[in-house]
Amino acid sequence: MTVTVRRPLAWREPLAVAAGLAHRDGALALLSDGGPHGRRTWIGAEPDRVFVGDADPQAPFDHLHDFGPGTVGLASYDLGARPATGARQAVWPDLMLARYSALLAFDLHDRRLIAIGQGDDEPAAQAAADRAAAWLEADVIQPPPPAETFAAEADGAAYRAAVADVVARIGAGELFQANIARAWSGRLKPGADPFDVFLRLQAGRASAYGAFWRMGDRVLVSNSPELFLDFDGERIVTRPIKGTRPRGADAAADAALSAELAASAKDRAENLMIVDLMRNDLARAARPGTVQVERLFQIESLPTVHHLVSTVTAQAAPGVGPAQVLAAAFPPGSITGAPKHQAMKVIAAHEAPRGAWCGSLFLLAPDGGLTASVLIRTATFTRDEGGWGFRTLAGAGIVADSDPTAELAETDAKIRAIREALTGD
């Protein structure tokens with residue numbers, strides 16, 4: 001039986017604490033923006049158990065049973081897509097899991113900070129809490145733009161052609177919607193580190209599900225605003241995003257763009273398709289008759305974009321745990337399409353493997369609750385002898401009346417925050 005110790009500490013700013021740990025093994029910062037959906041932040045380092053490798057697509061989260069509370073995981077998009085696409089060249093591990101016996105938990109609304117230690121007995125749990133309490137630092141230096149190169153992997157014409165092909169497939173009855181992405185890649189300047197990108201994202205661009213995770217020669221940096229799943233043992237929540245407009249240059253233009261999104265029949269239809277898909281996914285893990293749509297077509301405004309967001313909830317069926325909830329809905333419907341299986345086949349016809357992008361990063365908290373984000377607005381970094389290379393993507397939901405030029409512009413709006421953090425442009 002695991003013993004858990006919770007120790008209140010004097011408040012420190014989470015980003016400063018994260019900066020003090022950024023270069024340690026397993027450095028973790030699940031850094032929320034303090035908004036209505038981003039109340040809690042988690043920071044840790046030096047996990048005591050790690051798994052990195054392949055997983056069974058038919059039971060993708062079974063490894064989670066061996067880890068338990070205090071575990072962070074990253075499931076690649078390609079793991080979830082493989083039943084539809086078959087085996088493809090991997091660009092990221094199927095599954096990464098790390099268990100943290102020591103964590104710092106920040107309540108951003110009440111400005112409360114707690115050191116959490118877990119162990120097989122009271123002394124071990126106290127020692128883990130001591131380790132977490134010793135992490136407190138207070139030094140953040142805003143770095144210069146870290147990217148040396150940043151380039152699209154294909155030109156805009158190729159993306160417009162892909163969109164046109166998907167529209168034709170929809171017209172032929174092959175599917176209703178598919179999320180088609182563009183990719184950018186490059187390298188950081190000598191001496192620069194992925195944490196520099198994370199710091200720059202936090203400066204005026206923070207999101208509800210921001211994340212930094214260093215695992216050996218791999219780093220994830222995410223600025224995701226999208227909740228994939230929240231599960232407290234009874235209630236399941238998902239908040240799919242479909243529909244985007246850029247922020248306006250002034251208040252009047254910004255309000256007009258928000259109103260345009262709210263009134264867009266195309267974007268509402270796109271959103272509704274994914275809501276129906278997510279209702280079906282949640283039903284696999286839910287008590288019959290409990291799946292419901294709590295909010296539909298809600299506008300949420302972020303630093304660089306407006307989004308159309310809906311909320312779907314359900315009550316979990318008896319015996320359902322976090323692994324079953326994740327398996328029921330993965331990969332997220334908002335970044336695949338409908339029907340999901342066919343949409344993933346169409347995506348594979350136009351894209352290289354996605355890797356971590358549009359997979360999910362999840363936390364099984366010390367209290368057992370699950371929170372999982374959709375890894376949009378995300379860059380992955382891999383270190384080699386020459387330093388750090390990176391890859392990032394942005395996609396758009398393609399439906400019957402999609403305009404290829406407009407969808408291309410949507411991907412540009414979505415990549416803006418990541419591009420600015422990398423390049424300063």
Side-chain angles (χ1 to χ4, degrees), residues 77 80-81 83-85 162-181 224-229 236-245 260-286 291-300 305-314 328-351 354 358-360 373-376 393-404 406-408 410-411 413-414:
Y77 167 85
T85 65
V163 172
D165 177 69
V166 174
V167 169
R169 290 171 182 256
I170 292 170
E174 187 174 334
L175 73 167
F176 301 109
Q177 179 180 165
N179 187 286
I180 302 298
S224 175
E226 184 169 0
L227 176 69
F228 174 35
L229 293 167
I236 311 169
V237 180
T238 185
R239 302 183 69 251
I241 292 175
K242 282 320 261 180
T244 302
R245 292 293 186 279
E260 176 188 305
L261 176 59
S264 168
K266 181 259 187 189
D267 288 290
R268 290 163 74 93
E270 185 181 336
N271 190 288
L272 187 59
M273 286 184 211
I274 301 307
V275 166
D276 284 343
L277 188 156
M278 295 306 298
R279 289 173 61 209
N280 182 67
D281 282 354
L282 292 196
R284 297 190 181 101
V291 179
Q292 59 180 321
V293 180
E294 289 196 353
R295 292 185 181 87
L296 197 60
F297 310 146
Q298 187 174 26
I299 293 288
E300 291 191 4
V305 292
H306 300 289
H307 279 314
L308 205 60
V309 186
S310 295
T311 303
V312 184
T313 66
F330 187 77
S334 63
I335 47 72
T336 52
K340 184 187 280 190
H341 190 86
Q342 184 60 26
M344 292 188 295
K345 285 186 176 181
V346 171
I347 289 167
H350 289 285
E351 297 181 28
R354 289 176 168 180
C358 277
S360 181
S373 69
V374 181
L375 286 176
I376 57 174
L393 298 92
I398 312 305
V399 292
D401 56 351
S402 285
D403 173 70
E407 302 295 356
L408 180 69
E410 182 172 319
T411 64
K414 288 176 174 176

Considering non-hydrogen atoms only, spot the tightest contact between Pro339 and Phe176 and give its length.
-> CD-CD1, 3.8 Å
Would you confirm whether Arg284, through its side chain, and Ala328, through its main-chain N or O, come within 3.5 Å as a donor-acceptor pair?
-> yes
For side-chain contact (heavy atoms from CB on, under 4.5 Å), just list the numbers for Phe228 and Ser373, CA-CA rounded to whole Å, side-chain angles, deciding distance to a tenth of an Å, and then say yes or no.
-> CA-CA 5 Å; Phe228 174 35; Ser373 69; 5.7 Å; no
Do Val346 and Leu175 have side-chain heavy atoms sitting under 4.5 Å apart?
-> yes
Looking only at heavy atoms, which two atoms of Pro225 and Ile241 are closest? And how far apart?
-> CG-CD1, 3.9 Å
Can Leu282 and Leu229 be said to form a side-chain contact (heavy atoms from CB on, under 4.5 Å), step by step?
-> CA-CA 10 Å; Leu282 292 196; Leu229 293 167; 3.9 Å; yes
Would you check if Val237 and Leu227 make a side-chain contact, meaning some heavy-atom pair closer than 4.5 Å?
-> yes
Interatomic distance, Tyr77 atom OH to Asn179 atom CG [nearest 0.5 angstrom] | 8.5 Å
Between Leu375 and Ser360, is a side-chain contact (heavy atoms from CB on, under 4.5 Å) present by the stated rule, with each step listed?
-> CA-CA 5 Å; Leu375 286 176; Ser360 181; 5.5 Å; no
Calculate, to the nearest 0.5 Å, the distance between atoms NZ and CD belonging to Lys345 and Glu174 respectively.
-> 9.0 Å
Take Thr311 and Gln298 through the test side-chain hydrogen bond (donor to acceptor under 3.5 Å, both in side chains) and record every step on the way to the result.
-> CA-CA 9 Å; Thr311 303; Gln298 187 174 26; 4.9 Å; no
Given the rule in the side-chain contact (heavy atoms from CB on, under 4.5 Å) test, do Val275 and Leu296 qualify, once you have shown the distances and angles that lead to the verdict?
-> CA-CA 8 Å; Val275 166; Leu296 197 60; 4.0 Å; yes
Close side-chain approach of His306 to Thr244, heavy-atom, < 4.5 Å | no
So, are Arg245 and Glu260 salt-bridged, with charged N and O less than 4.0 Å apart?
-> yes
Residue pair Met344 / Thr336: nearest heavy atoms and the distance that separates them = CG-CG2, 3.8 Å
Distance in Å, Met278 CE paired with Thr238 OG1, rounded so as to fall on 0.5 Å steps | 3.5 Å
With distance as the sole test, does Arg279 use its side chain to make a donor-acceptor pair with the main-chain N or O of Val312 at under 3.5 Å?
-> no
Residues Asn271 and Leu308: closest non-hydrogen pair is ND2-O, 3.1 Å
Side chains of Gln177 and Ile398 in contact at under 4.5 Å (non-hydrogen atoms) | no
Ala348 backbone acceptor or donor facing Thr85 side chain under 3.5 Å = no
What is the minimum heavy-atom distance between Val163 and Ser402, and which atoms define it?
-> CG1-CB, 4.5 Å
What distance separates Leu261 CG from Glu300 CD, expressed to the nearest 0.5 Å?
-> 11.0 Å
When rounded to the nearest 0.5 Å, the distance separating CD1 of Ile170 from CG of Asp165 is 10.0 Å
Heavy-atom nearest pair, Pro240 first then Ser334, reads CB-CB, 4.2 Å
Note, Phe297 side chain near Val309 side chain (heavy atom, < 4.5 Å) = no
Nearest-0.5 Å distance, CD1 of residue Ile335 to CD1 of residue Ile180 = 11.0 Å
Would you find a donor on one side and an acceptor on the other, under 3.5 Å apart, between the side chain of Lys340 and the backbone of Ala329?
-> yes
Between Lys266 and Glu407, is there a salt bridge with N-O shorter than 4.0 Å?
-> yes
